[in-house]
A.B. asks: 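Once you've had a glance at the structure underneath, I'll fire off some questions.
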Amino acid sequence: MKTHIIYLLFTFCILSGIYAQNMSISGRVTDGKGEPLAFANIVIVQDKDSMTFAGTVTDMEGNFMLETTKENPIVKVSYLGYVTTSVAVKQNVLNTIKLEEDTNLLGEVVVRGTRQHFKMENGGIAMDVANSPLKNVGTANDVLEKQPFIVKNGDAISVLGKGTPLIYINNRLVRNDNELERLSSTHIKKVTVITNPGPEYDASVSAVVLIEAIRPPGEGIGGEVFGRMDVRSKISADGAVDLNYRKNKLDLFAYYGYSEKQREIDINSMQTLEAEENITAVQQIAIQKVHNKFHYLEGGLNYELDERHSIGAKYVYTRTPYYKGGVDIVSAVTKDRVSIEEFPTNTKVDMNANSHLLNAYYTGNVSPWLKVQLDMDYAKGSSENHDFSVSEREDEVEVGTRSLQDYDLYAGKLTLSTPLLGSNFNYGMEYSHTTNEQTYWVDENEGAPSLASNENMSKQKLFAAFLSYSKSIDKWMFNLGLRFENVGFDYFENGNKVDEQSRTYKDFFPQASVSYRSDKVQMMLGYRATIQRPSYYQLRNSIQYDDPYTYETGNPYLKPTRIDDISYSLLWKKIKLMVSYKMYDNMSLLIPHPYGEKQDIVMYIPENMDHTQNLMAMVYYSPRLGFWEPVAGLGVSKDYFKYGDTGQKYEKPFLRYSLQNTFRQAVVRACNKGVLRQNPFFDFVPERVVPKCPWLSNDEIQRIMQAKFKFATWRFTRDMFIFSTFTSIAIIDL
């Protein structure tokens, strides 16, 4: 691996000094069975025995591309254990080059059994999933859950200190979690967690996860039927059918998924309201229940026009025909420490929703100096909610409300990449237009006279332009980027535009990073400016009834939150460290206020804070102890801000810890006995076996390295413990 990295750096230095090429050569390298050969050496020579002019290595799929100004060059291809081959270039595109095994060298082949699965790149940490124990863990969701700095709470994925990330599969944005559940871990090549995204991503994005998937081999019709069941106080189940047809350069796919989930959560809360005359305290013990059914349908195609250009499109339909939730609350109310009442409240929620998404893309190398990626989206959806609440007080309170939401989205993004001064120059633009209409009705109201029906609509147009430049110098990589956004927001209430709440924002968001990578240590220091814009829900002006003592509302005057984020990441041996320091301007928090004439009702309203900071540090340690591979994490997060007339500080640190455990059992070939044997305590290192088995090919050695028979993992956090097992069978025909 070290040799490959050094050769890649050497090749990059050679290519960085060449810009005005007029010929681009591409091709693919495979073995005699048609399997791709990764990291094969490719060099251009004038003739078979002359000096080298340019070179590169193949990627994980065996593909390569390089440029030259030489006429009628010869491409020389070499790979350990195979006969070196030279091919004369008559056209820019070479056919597949097949290498034959060198039988004289097979007896001397030594394959290392350990490799570094993590490395710094693209402003984050990348993991080589295809050559790690996570290859057989289950689905993409399971792989992400075990990545450093990623936390999964229920079905929600977040990055420590960064929030919810954008997730891409082969450069296509994941808009529904079902896409992660349908992607098998055996088809994932690499996962990169980017903690310092470049300017090509929206300014509201603080983290990005890139999943590089492997196109399954073979042609014809394929399919998969799978199901899953889990228990988290209640039984939930998922099922899906995945169909695929591949022929030549065409890939057709269709997918249907169905899930039924049930959850039951215990909640214990206390709220205190200090008025001029008294102090009202409300303690609530609640049980929240949710039962929903969900349908997901997807179909589309991908087509490779040639080895440089590909297009595709897909349609996604989702529907939630059944959603029933509810909260059973027992409230105990005291005034000046004297009990005044205790009563139950029962709230029921019914919802149904549906959405449509149409996506189309194009990607291609239109010339040696220009790579293009174009994405276009159209989305439309609606949801309807029915809430009904009954509080059994002395004067019974009954409140019934309905809300209807309709939205649509048009979006397009163009990203261009050009080699410049020996490095990459990325630039492009983005446009989106969204409309969101919300209607709120109060159908029944006994005891909460302040509630009223209303309508509001929000329209937003966004135009963005971005550029970035990266440069490698020896073991260092430097990156600079800038994004400009022009956002127009129009707010309408009951059909009339409200000028005071309609705004236009024009902002610049810089980004910079410097990283260092050697054989022993990798680290990165980065800065990025981001923004968090209020959601349509936060901007609403309707009042939501929770219980007789608790109301909620939005704030149409809420400002966006500007964030300056400085982060540092380190990879050293078995240790991974991330430190983040954030400075917030106009941070949004949900603040309680007294409401009503009695001054004993709490109204929660989102408000902006002036200036706050947060410091977060997290360290992971992942040793390998034979067949046991634990990952232990420990971190701390501390806020720095004041609130209220008294300037009360809120700076209590929050401790986070986690432990993940992996047990592997390898399937090992005992050459001297000619049989397969299982040994759960033997950490298989191929170099112990290969010299005794000179007849094994590189492909067979790799298959031994990747063989897993059983896989088990558990995880716990401060408030959750999960244990799960996975079983996979690797068939090795030697």
Side-chain angles (χ1 to χ4, degrees), residues 267-286 288 327 329-347 387 389-401 403 440 442 444-454 456 493 498 500-501 534-535 537-559 561 586-612 639 641-652:
I267 303 172
N268 194 338
S269 66
M270 169 71 81
Q271 67 183 31
T272 302
L273 181 61
E274 297 185 14
E276 296 180 358
E277 299 178 356
N278 52 55
I279 299 176
T280 302
V282 181
Q283 182 178 7
Q284 294 181 330
I285 299 175
Q288 182 180 12
V327 182
I329 307 173
V330 176
S331 302
V333 185
T334 62
K335 284 189 178 182
D336 295 329
R337 299 184 180 181
V338 177
S339 177
I340 61 171
E341 67 173 331
E342 183 173 328
F343 62 92
T345 299
N346 176 261
T347 300
D387 295 5
S389 177
V390 177
S391 297
E392 298 180 6
R393 307 173 69 190
E394 183 176 348
D395 295 327
E396 188 173 82
V397 178
E398 294 185 2
V399 176
T401 63
S403 61
Y440 180 78
V442 179
E444 189 170 349
N445 188 355
E446 295 182 9
S450 57
L451 300 183
S453 303
N454 67 81
N456 65 77
E493 185 174 326
V498 182
E500 296 82 0
Q501 300 172 23
S535 66
Y537 183 77
Q538 291 176 308
L539 295 171
R540 75 194 190 282
N541 59 1
S542 59
I543 297 176
Q544 176 181 320
Y545 175 86
D546 293 339
D547 61 65
Y549 288 91
T550 310
Y551 292 3
E552 293 182 46
T553 188
N555 182 0
Y557 298 95
L558 203 62
K559 298 178 182 178
T561 302
N586 292 322
M587 182 179 183
S588 176
L589 292 177
L590 199 61
I591 305 298
H593 291 275
Y595 179 78
E597 297 179 357
K598 296 182 179 181
Q599 294 290 297
D600 57 3
I601 297 177
V602 173
M603 171 76 83
Y604 284 93
I605 306 173
E607 293 184 3
N608 292 116
M609 304 292 102
D610 290 336
H611 302 286
T612 62
D639 292 316
F641 76 95
K642 301 177 182 179
Y643 177 74
D645 298 333
T646 60
Q648 183 176 350
K649 295 182 179 180
Y650 296 86
E651 299 180 356
K652 185 178 180 180

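On a predicted model such as this, the values are computed, not experimentally measured, just so you know. Residues: numbered from 1 along the sequence shown.
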A.B. asks: Suppose we screen for side chain to side chain contact (heavy atoms under 4.5 Å, CB included). Which residues come up paired with His593, at least two apart in sequence or across chains?
C.D. replies: Ile591, Ile605, Glu607, Tyr643
A.B. asks: For Glu341, enumerate each residue passing the side-chain hydrogen bond (donor to acceptor under 3.5 Å, both in side chains) test, keeping only those at least two apart in sequence or located in another chain.
C.D. replies: Arg393, Tyr549
A.B. asks: Once side-chain hydrogen bond (donor to acceptor under 3.5 Å, both in side chains) is applied, do any residues pair with Asp387, and if so which ones, sequence neighbours excluded?
C.D. replies: none
A.B. asks: Look only at the side chain of Ser403 and the backbone of Tyr440, and say whether a donor-acceptor pair between them is shorter than 3.5 Å.
C.D. replies: no
A.B. asks: Among residues at least two apart in sequence or on other chains, which ones pass ring pair (Phe, Tyr, Trp, His ring centres under 6.0 Å) with Phe343?
C.D. replies: none
A.B. asks: By side-chain hydrogen bond (donor to acceptor under 3.5 Å, both in side chains), which residues pair with Thr334, not counting sequence neighbours?
C.D. replies: none
A.B. asks: Listed by chain and number, what are the side chain to side chain contact (heavy atoms under 4.5 Å, CB included) partners of Ser588, not counting sequence neighbours?
C.D. replies: Gln538, Leu558, Thr561, Pro606, Asn608
A.B. asks: Quick one: OH on Tyr545 to CD on Glu398, what's the gap to the nearest 0.5 Å?
C.D. replies: 10.0 Å
A.B. asks: When rounded to the nearest 0.5 angstrom, what distance separates OG1 in Thr401 from CG in Asn445?
C.D. replies: 10.0 Å
A.B. asks: If you measure from CD on Glu651 to CG on Asp639, what distance do you get to the nearest 0.5 Å?
C.D. replies: 9.0 Å
A.B. asks: Working to the nearest 0.5 Å, report the span between CG of Asn586 and OG1 of Thr612.
C.D. replies: 9.5 Å
A.B. asks: Which is it for Val330 and Gln283 under the side-chain contact (heavy atoms from CB on, under 4.5 Å) test, yes or no, and what are the steps along the way?
C.D. replies: CA-CA 8 Å; Val330 176; Gln283 182 178 7; over 6 Å; no
A.B. asks: Quick one: side chain to side chain contact (heavy atoms under 4.5 Å, CB included) partners of Ser269, sequence neighbours excluded?
C.D. replies: Gln284
A.B. asks: Main chain of Ile279, side chain of Asp336: is a donor-acceptor contact present, judged purely on distance under 3.5 Å?
C.D. replies: yes
A.B. asks: Quick one: CE on Met609 to CG on Leu589, what's the gap to the nearest 0.5 Å?
C.D. replies: 5.0 Å
A.B. asks: Stepwise, does the side-chain contact (heavy atoms from CB on, under 4.5 Å) test hold for Thr553 with Met603?
C.D. replies: CA-CA 7 Å; Thr553 188; Met603 171 76 83; 3.7 Å; yes
A.B. asks: Does some side-chain heavy atom of Ser389 sit less than 4.5 Å from a side-chain heavy atom of Asp547?
C.D. replies: no
A.B. asks: To the nearest 0.5 angstrom, please state how far the CG atom of Asn555 sits from the CG atom of Leu539.
C.D. replies: 7.5 Å
A.B. asks: Which residues pass the salt bridge (Lys or Arg N to Asp or Glu O under 4.0 Å) test with Glu444, not counting sequence neighbours?
C.D. replies: none
A.B. asks: State which residues pass ring pair (Phe, Tyr, Trp, His ring centres under 6.0 Å) with Phe641; sequence neighbours excluded, sorted by chain then number.
C.D. replies: Tyr650
A.B. asks: Please identify each residue that fulfils side-chain hydrogen bond (donor to acceptor under 3.5 Å, both in side chains) with Tyr604, with sequence neighbours left out.
C.D. replies: Gln271
A.B. asks: Of the non-hydrogen atoms in Ile601 and Pro548, which two are nearest, and what is the gap between them?
C.D. replies: CG1-O, 3.6 Å
A.B. asks: According to side chain to side chain contact (heavy atoms under 4.5 Å, CB included), who are the partners of Pro344, at least two apart in sequence or on a separate chain?
C.D. replies: Glu392
A.B. asks: Is there a side-chain contact between Glu552 and Asp546 (heavy atoms, below 4.5 Å)?
C.D. replies: yes
